[in-house]
Amino acid sequence: MKRVIKKVLRKLALMGYALMVRVLPLSKDVVVFESNVGRNYSGNARAIYEYMIQQGMDGKYRLVWSVEDTSTNIPGRVIKVRRTRMKYLYYMAIARVWVSDSRMPKWLVKREGNTYIQTWHGTPLKKLALDMDVMSMGGSTDVQKYHDNFVANTRTWDYLISQNAFSTEVFRRCFAFDKDMLEIGYPRNDVLFHSNTPQEKEALKKKLGLPLDKKIILYAPTWRDDQYYQKSIYKFVSDMDYGQMQNRLGDEYAMIVKFHYLVKDHIDWSQYGDFIYEFNEHQDIAELYLVSDILITDYSSVMFDYSLLKRPMFFFAYDLENYKNNLRGFYFDFLATAPGPIVETTEELIDSIVNYDAEEWKEKYDAFSKRYNHADDGGASEKVCRLIEEKLAQSNK
């Protein structure tokens, strides 16, 4: 019975939305922000929004955040709405500007006069969208349907932010995107230029409850397409031996485990005492970049952001062949390009950390940074905000 009621209410809501789109004029001052399909307050959208707050723009415009949890602490004068609820539908119907880092619901109507700024959420190593010829995400194997849905969504984008020239080339093809590309770096990385100080690092350690007397390892792996509970809800999967990590590194390090935003899992880390600290999708990863001394990842786009800090990176790629050949495929030669050790076992990982020599990796690291970090300069948020103001000013003429 509950399912029937829910289905009826959803249908009524969508009917109401269709009516609002037909009869309500676009607002001259509403901007809607969303990150990770409404799951949290983070990423590029957050950075753009917070720059607007710093500039006092929340007193000039109505700024709306789409979040699942409306108790989320968001600074400034903000209107918080839950995705797909009536209040959300109302603001999506009248908003002059949408800012999002992921895809919107396919039934949303992109109205004439609305500007959609798609920030996306990372430089790609693994294949995306139309470049994917294997499909195993959440149980789906229909590649053509996935491609069709993606193209329908990308056609609503007016602007797409790119972190570098490499991403620009890939995005043009894999998203079939032929509108305005903003190759300006990522707004979420501005903080890595402005807050990369010992004082900020110590303050963040205190804020996050991390030990002040130890170095911090950030472990941030990506998700596995074929390891899921249900559609869009993935398992935390890793072959890492955490006990071995603690035994050999625990005197000098503590380790943060950061879940990807698509991962929803409950893991009991208590046996590792004060060695492991878990942060889920609600924690903005930029703070974890700043507070950490080294990064362990696998095939995640975090490598491109973290490299801005010029700190050591290690790649725990225990399933490299399966991931590359059966799940996604890569855009470039990962083995030849990675600016740090690629290992397959915990023992190899520990040894590579203990024996790391920055000079040994300098040439590769510099080449990696030159190719992928050339556009990030700490000013991306300001550039996007100027574009938003320009679009809002046009609507007031």
Side-chain angles (χ1 to χ4, degrees), residues 34-37 43-45 47-48 97-106 108 110 112 114-135 137 142-190 222 225 299-305 307-308 324 327-334 336-338 367-377 379-388 390-391:
E34 186 175 87
S35 179
N36 298 337
V37 294
N44 288 320
I48 295 163
V97 178
W98 296 343
V99 181
S100 175
D101 65 5
S102 48
R103 287 182 290 164
M104 296 288 194
K106 62 183 179 182
L108 279 178
K110 173 71 162 50
E112 185 178 354
N114 166 278
T115 297
Y116 183 176
I117 302 171
Q118 170 58 241
T119 75
W120 201 242
H121 48 264
T123 289
L125 163 62
K126 53 197 178 188
K127 289 185 178 179
L128 294 173
L130 302 186
D131 287 341
M132 293 174 64
D133 50 18
V134 176
M135 178 61 57
M137 297 172 65
D142 191 335
V143 176
Q144 190 56 52
K145 182 178 179 181
Y146 179 75
H147 287 178
D148 292 345
N149 288 339
F150 222 113
V151 170
N153 205 280
T154 61
R155 283 175 179 162
T156 66
W157 303 351
D158 296 300
Y159 296 90
L160 174 58
I161 297 179
S162 165
Q163 189 175 13
N164 44 55
F166 165 77
S167 294
T168 295
E169 180 182 349
V170 171
F171 289 168
R172 287 285 187 202
R173 182 183 65 252
C174 78
F175 295 145
F177 183 75
D178 59 2
K179 298 180 188 174
D180 291 319
M181 189 76 70
L182 305 177
E183 191 179 296
I184 58 174
Y186 275 148
R188 70 186 183 197
N189 289 335
D190 291 348
T222 192
D225 301 55
Y299 325 112
S300 171
S301 65
V302 299
M303 68 179 80
F304 302 101
D305 299 332
S307 59
L308 287 162
K324 180 178 66 173
L327 291 184
R328 278 297 184 96
F330 295 155
Y331 281 118
F332 56 81
D333 188 336
F334 179 54
T337 306
F368 190 89
S369 297
K370 183 177 181 179
R371 186 177 189 194
Y372 302 113
N373 297 157
H374 65 87
D376 281 294
D377 62 4
S381 298
E382 179 183 359
K383 293 166 189 171
V384 179
C385 287
R386 285 205 303 262
L387 174 62
I388 292 173
E390 176 188 319
K391 294 301 176 181

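Heads up: numbering here begins at 1 and tracks the sequence. Note that the coordinates shown come from a computational prediction; the quantities given were computed from them, not determined experimentally.
When every heavy atom of I48 is checked against every heavy atom of C385, the shortest pair comes out as O-SG, 3.5 Å. For the residue pair K110 and T156, the shortest heavy atom distance occurs at CE-O, 3.2 Å. Between N114 and V97, the shortest heavy-atom distance links the atoms ND2-N, 4.2 Å.
Aromatic ring orientation, W98 versus Y116: perpendicular (interplanar angle above 60°, classes split at 30° and 60°). In this structure, F177 and W157 have tilted ring planes: the angle between them lies in the 30° to 60° band.
Ion pairing of R188 with D101 is absent here, as no side-chain N (NZ or NE/NH1/NH2) approaches a carboxylate O to less than 4.0 Å. Salt bridge status for E390 with R386: absent, with no side-chain N to carboxylate O gap under 4.0 Å.
A side-chain N or O of D376 and one of Q163 form a donor-acceptor pair less than 3.5 Å apart. Using modelled atom types and a 3.5 Å distance limit, the side chains of S301 and T123 yield no donor-acceptor pair. Using modelled atom types, one finds no donor on one side chain facing an acceptor on the other under 3.5 Å when comparing K126 with S300. In this structure, a donor-acceptor pair under 3.5 Å is absent between the side chains of N36 and S102.
D377 is linked by a salt bridge (Lys or Arg N to Asp or Glu O under 4.0 Å) to K383, counting only residues two or more places apart in sequence or in another chain. Under the rule for a side chain to side chain donor-acceptor pair (under 3.5 Å), K127 has no partner lying at least two apart in sequence or in another chain. R173 is linked by a salt bridge (Lys or Arg N to Asp or Glu O under 4.0 Å) to D131, counting only residues two or more places apart in sequence or in another chain.
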* ring pair (Phe, Tyr, Trp, His ring centres under 6.0 Å) evaluation trace for Y186 with W120 -> CA-CA 9 Å; Y186 275 148; W120 201 242; 9.5 Å; no
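Within a 6.0 Å radius of NZ in K145, no more than 12 heavy atoms belonging to other residues, nucleotides or ligands are found. Around atom CZ of R172, more than 12 heavy atoms belonging to other residues, nucleotides or ligands sit under 6.0 Å away.
Under the 3.5 Å distance criterion, the side-chain polar atoms of S162 are matched with a main-chain donor or acceptor of T168.
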